[in-house]
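I have placed the structure first, in the form of structure tokens, so that the comments after it can refer back to it.
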There are 2 protein chains.
Amino acid sequence: MRRDIFQAIADPTRRAIIALIAVQAMTPNAIAENFQTTRQAISKHLRILTECELVITKQQGREIYYTLELDKMKEIDKWLEQFRQLWETRYSQLDELLTTLKSKKK
Amino acid sequence: MRRDIFQAIADPTRRAIIALIAVQAMTPNAIAENFQTTRQAISKHLRILTECELVITKQQGREIYYTLELDKMKEIDKWLEQFRQLWETRYSQLDELLTTLKSKKK
DNA sequence: AATATACGCAACCGATTGGTTTCTCAAAAT
DNA sequence: ATTTTGAGAAACCAATCGGTTGCGTATATT
């Protein structure tokens with residue numbers, strides 16, 4: 001079980017589920033209504049999302065509400081950070097280059 | 001071939017490759033030296049990364065240099081945007097709550 | 001000209017994935 | 001008390017994945 005966030009968000013259905021429950025907590029049946037697959041398939045996706053802690057559950061009677069764990073989403077953001085730094089410095093380098101070119105023109 | 005970025009970054013080896021070539025363009029052999037697998041395995045990963053345009057190639061003699069396409073990386077950032085908005089508004093709501101509590105204390 | 005190197009491609013293999021169907025169980029509704 | 005409903009668990013299946021080995025080819029080196 002290699003359950004990590006990157007593997008979890010690799011599936012388009014799971015990304016759609018994430019987007020859905022980001023707005024409000026939902027039950028498996030309610031989620032499944034938005035897709036043309038069985039509830040069991042959705043249930044499996046939810047298990048994967050729960051296992052990597054991207055989603056937390058709250059039982060209420062016989063219904064189980066699934067909520068997005070935003071803090072876990074931040075881990076993706078954290079990973080992106082190193083590249084964001086790169087593309088920002090590259091842009092500033094481009095800026096510098098343009099500035100240099102302009103000043104040379106004068 | 002469902003080659004999308006999210007599927008591409010799902011594999012830890014591919015994420016490592018991305019991090020490697022983010023610094024500088026590299027050949028398959030040079031990349032493979034950093035892992036304990038065969039060059040062919042790395043080559044396959046590079047093909048996947050190329051197919052979803054996360055990486056571009058530049059032939060130089062018999063060597064092929066692989067470079068990270070930062071613009072494509074931004075697409076992940078773009079997807080995260082919707083959730084970033086959520087977690088920021090939630091924090092500001094928390095801030096508001098704290099401010100309200102403080103003013104009530106007075 | 002002959003050999004070595006860098007690389008992509010194809011065939012193959014076991015493990016994993018996403019999906020279905022069937023079953024069970026507990027909570028609600030009748 | 002019986003039936004309906006919400007949901008996880010298990011068994012199964014085809015497709016895909018990550019890896020290996022072997023091969024072909026173009027560029028360098030000798």
Side-chain angles (χ1 to χ4, degrees), chain A residues 1-21 23-69 76 79, chain B residues 1-21 23-69 76 79:
Chain A
M1 256 169 280
R2 222 188 50 209
R3 299 286 113 96
D4 64 296
I5 7 166
F6 295 99
Q7 199 229 336
I9 63 163
D11 184 84
T13 308
R14 274 191 305 262
R15 286 202 300 282
I17 293 177
I18 289 174
L20 263 178
I21 63 172
V23 185
Q24 58 177 349
M26 288 174 85
T27 65
N29 265 326
I31 296 169
E33 274 170 24
N34 296 274
F35 303 89
Q36 62 272 40
T37 106
T38 55
R39 177 191 59 81
Q40 279 84 350
I42 299 296
S43 219
K44 266 192 162 186
H45 284 305
L46 285 171
R47 194 160 67 87
I48 290 169
L49 291 170
T50 312
E51 272 171 11
C52 72
E53 293 170 303
L54 257 175
V55 146
I56 50 162
T57 61
K58 201 189 282 181
Q59 185 118 17
Q60 203 160 319
R62 67 179 163 184
E63 291 180 329
I64 300 176
Y65 284 88
Y66 285 82
T67 325
L68 183 62
E69 186 68 10
I76 305 163
W79 177 74
Chain B
M1 258 170 278
R2 222 188 51 208
R3 299 283 114 97
D4 63 296
I5 6 166
F6 294 100
Q7 200 228 332
I9 62 163
D11 184 85
T13 307
R14 277 194 298 267
R15 286 201 301 281
I17 292 177
I18 289 174
L20 263 178
I21 63 173
V23 186
Q24 57 177 353
M26 287 174 86
T27 64
N29 267 325
I31 295 168
E33 275 171 22
N34 295 274
F35 302 90
Q36 61 273 41
T37 127
T38 56
R39 175 191 59 82
Q40 279 84 349
I42 298 297
S43 218
K44 264 193 164 187
H45 284 306
L46 286 170
R47 195 162 66 89
I48 290 170
L49 291 170
T50 312
E51 272 172 12
C52 73
E53 293 169 301
L54 257 174
V55 146
I56 51 164
T57 61
K58 201 187 284 181
Q59 186 119 18
Q60 203 161 320
R62 67 180 163 184
E63 291 179 329
I64 300 175
Y65 284 88
Y66 285 83
T67 325
L68 184 62
E69 186 66 11
I76 306 163
W79 177 74

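Order of the sequence lines fixes the chain letters, A, B, ..., with proteins taken first and strands second; residue numbering starts at 1 for each chain. Note that the coordinates shown come from a computational prediction; the quantities given were computed from them, not determined experimentally.
- Phosphate contact (OP1/OP2 of D:dG8, side-chain N/O of A:Ser43, threshold under 4.0 Å): present.
- Side-chain atoms of B:Ile18 and B:Leu54, non-hydrogen and from C-beta on, do get closer than 4.5 Å to each other.
- Nucleotide D:dG18 holds its C1' atom 11 Å from the CZ atom of B:Arg3, rounded to whole Å.
- Look at B:Arg14 and you won't find any side-chain N or O under 4.0 angstrom from OP1 or OP2 of D:dC17.
- Here the C1' atom of nucleotide C:dT17 and the CG atom of A:Leu46 are 16 Å apart, to the nearest Å.
- Atom pair A:Tyr65:OH and C:dA27:C1' shows a separation of 14 Å (rounding to whole Å applied).
- Note: CD1 (B:Ile31) to P (C:dC7) measures 9 Å, nearest angstrom.
- The distance from atom CD1 of B:Ile42 to atom P of C:dC9 is 16 Å, rounded to the nearest whole Å.
- A:Lys58 has its NZ atom 15 Å from the P atom of D:dA7, to the nearest Å.
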**Q.** Protein-to-nucleotide contact annotation, 5' to 3' order, nucleotides 19-30 of chain D [B base; S sugar-phosphate only; - none; under 4.0 Å, heavy atom]
**A.** BBBB----BS--

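- Distance, B:Ile48 CD1 to C:dC9 P: 13 Å, rounded to whole Å.
- Between A:Asn29 and D:dA7, a side-chain N or O to OP1/OP2 separation shorter than 4.0 Å is present.
- Within 4.0 Å (heavy atoms only), B:Tyr66 reaches sugar-phosphate atoms of the nucleic acid but no base atom.
- For A:Arg47 and D:dA9, the CZ to P distance is 7 Å, given to the nearest whole Å.
- Considering only side-chain N and O atoms, B:Gln7 lies nowhere under 4.0 angstrom from the phosphate OP1 or OP2 of C:dT17.
- For A:Ile64 against A:Pro28, the heavy-atom pair with the smallest separation is O-CD, 3.2 Å.
- Closest of all the heavy-atom pairs between A:Tyr66 and A:Thr50 is CE2-OG1, 3.7 Å.
- Rounded to the nearest 0.5 Å, atoms CZ (B:Arg47) and CD (B:Glu51) are 5.0 Å apart.
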Q: I would like to know whether A:Met26 and A:Asn34 meet side chain to side chain contact (heavy atoms under 4.5 Å, CB included); could you show each step before the answer?
A: CA-CA 11 Å; A:Met26 288 174 85; A:Asn34 296 274; 3.9 Å; yes

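- The heavy-atom pair separating B:Ile48 from B:Arg3 by the smallest distance is CG1-NH1, 3.7 Å.
- Smallest separation of non-hydrogen atoms from B:Ala10 and A:Gln7: CB-CA, 4.1 Å.
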